[in-house]
J.: 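Let me begin by handing over the structure; questions about it come next.
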Amino acid sequence: MGLVPISDLLKEAEAGGYAVGAFNCNNMEIVQAIAAAARAERAPVIMQASQGAIKYAGIEYITAMANVAASMADVPVALHLDHGTSFEQVMRCIRSGFSSVMIDGSKHSLDDNIALTKQVMAAARPVGVSVEAELGKIGGTEDDIHVDDADAFFTDPDEAGRFVAETGVDALAVAIGTAHGRYKGEPKLDFARLEKIRSLVGIPIVLHGSSGVPGDAIREAIRLGVRKINIDTNIREAFVDCCRQVVTDNPEEIDPRKILGPAREAAVELISEKIRLFGSSGRV
Ligand code: G3H
Ligand code: 13P
Ligand code: ZN
């Protein structure tokens, strides 16, 4: 099977009432772990690469590894650009063979975000590439956003309605209380806001910063229309914790395969658990 656009996967998820896991990859072992977990769970899956991951691994390697993974998997696999910030970056990914892109214009004004997203839509749609956009401010490791700050940072439902009507994007990433990286306490999600947004946009919603969000909150978000769930930090933790453990236990070890192999297994385990939590296990 070749790489598929996320719109196909999200339509199926909509019909089935589940979410598709979108897992960040930076290297071969994590690409292999995502593919292995998806195959073991009989689940559709999204591999995604950030601009940082593309810079680290090289766009040719990322695309080639994802293509190999997709061709060997008998489950649908998408390759998605995560948080693309410019039209040029999006075009490089489309030319390289990504099946889907995110254009993150959330730092711009609403009008400028709409204009940038429309420019991406005009280039992506004719070649069958799906587009995810973002509205609102999703917290980062350095930000400490509380529900008190909601109106300043969270996605405004009416703006979301206008944004989707004007751009026609395939999926919308929203800010409802999640943040990238590790949480200091337990995240509190604004489900009422999510429900309102979903009723006004009617397209699949994307949840970023989903590592560390408790299972019940994930299930409630899916019930309210989240169809793509992004996980990076939990994979990093599983992978690097395992490397650290192997090196600590075997300080003389110099064979990278003896360190990265178990880390790849730890990532398969973590990704499989997430796939089951998202309800996408056994769907293909
Ligand atoms: O949303 C951000 C992802 O966790 C990617 O992080 O830019 O460090 O690759 P990165
Ligand atoms: P976490 O690293 O918090 O899981 O967020 C991942 C993400 O949103 C990638 O876009
Ligand atoms: Zn994100």
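Just so you know, these numbers use all the heavy atoms, side chains as well, and skip hydrogens, waters and symmetry mates. When a ligand or atom number is given, it counts from 1 through the structure's own listing order.
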J.: Applying a 4.0 Å heavy-atom criterion (strictly less than), which segment of Q51 is in contact with ligand 1: side chain, backbone, both, or neither?
T.: neither
J.: To which protein heavy atom is atom 8 (O) of ligand 1 closest, and what is the distance rounded to 0.1 Å?
T.: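 Minimum-distance protein heavy atom for atom 8 (O) of ligand 1 reads R236 NH2, 3.0 Å.
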J.: Just say parallel, tilted or perpendicular for the rings of F23 and F278, cut-offs at 30° and 60°.
T.: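 Parallel.
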J.: Considering only N, O or S atoms, which atom of H180 is nearest to the Zn ion (ligand 3)?
T.: NE2
J.: The Zn ion (ligand 3) is nearest to which N, O or S atom of H83?
T.: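 Nearest N/O/S atom of H83: NE2.
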J.: Quick one: does S281's side chain have a donor or acceptor within less than 3.5 Å of a partner on E41's backbone?
T.: yes
J.: Would you say ligand 1 has an N or O under 3.5 Å from any N or O of N26?
T.: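 Checking ligand 1 against N26, no N or O pair falls under 3.5 Å apart.
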J.: Is there side-chain contact between L260 and F239, with heavy atoms separated by less than 4.5 Å?
T.: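 They are in side-chain contact.
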J.: For ligand 2, list the protein residues that place a heavy atom within a distance below 4.0 Å of one of its atoms, sorted by chain and number.
T.: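 If the criterion is a heavy atom under 4.0 Å, then ligand 2 touches N24, Q48, D82, H83, A179, H180, G181, H208, G209, S210, S211, N230, I231, D232, T233.
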J.: Side chain to side chain contact (heavy atoms under 4.5 Å, CB included) between I6 and V20: does it pass, once the steps are laid out?
T.: CA-CA 9 Å; I6 62 164; V20 181; over 6 Å; no
J.: Is any N or O atom of N24, backbone or side chain, closer than 3.5 Å to an N or O atom of ligand 1?
T.: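 Looking only at distances, the answer is no, because the N/O contact criterion of under 3.5 Å is not met.
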J.: Test your reading of the model: is there a side-chain donor-acceptor pair from N250 to the backbone of E253, 3.5 Å cut-off?
T.: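 Flag not set: sc N250 to bb E253 has no pair under 3.5 Å.
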J.: Is it the side chain, the backbone, both or neither of N230 that has a heavy atom closer than 4.0 Å to ligand 1?
T.: neither
J.: With a cut-off of 4.0 Å, which atoms of ligand 1 are near a heavy atom of D232?
T.: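 Those qualifying, in numeric order: 3 (C), 4 (O), 5 (C), 6 (O).
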J.: Strictly distance-based, threshold 3.5 Å: is any side-chain N or O of S99 a donor or acceptor partner for the main-chain N or O of L79?
T.: yes
J.: Backbone N or O of P5 within a donor-acceptor pair of the S100 side chain at under 3.5 Å?
T.: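 Here the side-chain-to-backbone pair does not exist.
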J.: Check all N, O or S atoms of H208 and name the one closest to the Zn ion (ligand 3).
T.: ND1
J.: Ligand 1 versus K55, non-hydrogen atoms closer than 4.0 Å: side chain, backbone, both, neither?
T.: neither
J.: Please write down residue, atom name and distance for the protein heavy atom closest to atom 9 (O) of ligand 1.
T.: S50 OG, 2.6 Å
J.: Can a donor-acceptor pair be found between the side chains of H108 and N113 at a distance below 3.5 Å?
T.: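 No.
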J.: Would you check if there is a donor-acceptor pair between the side chains of T117 and T167 at a distance under 3.5 Å?
T.: no
J.: Within the 4.5 Å heavy-atom criterion, are Q89 and R92 side-chain neighbours or not?
T.: yes
J.: Would you mind reporting whether V129 and F98 have side-chain heavy atoms less than 4.5 Å apart?
T.: no
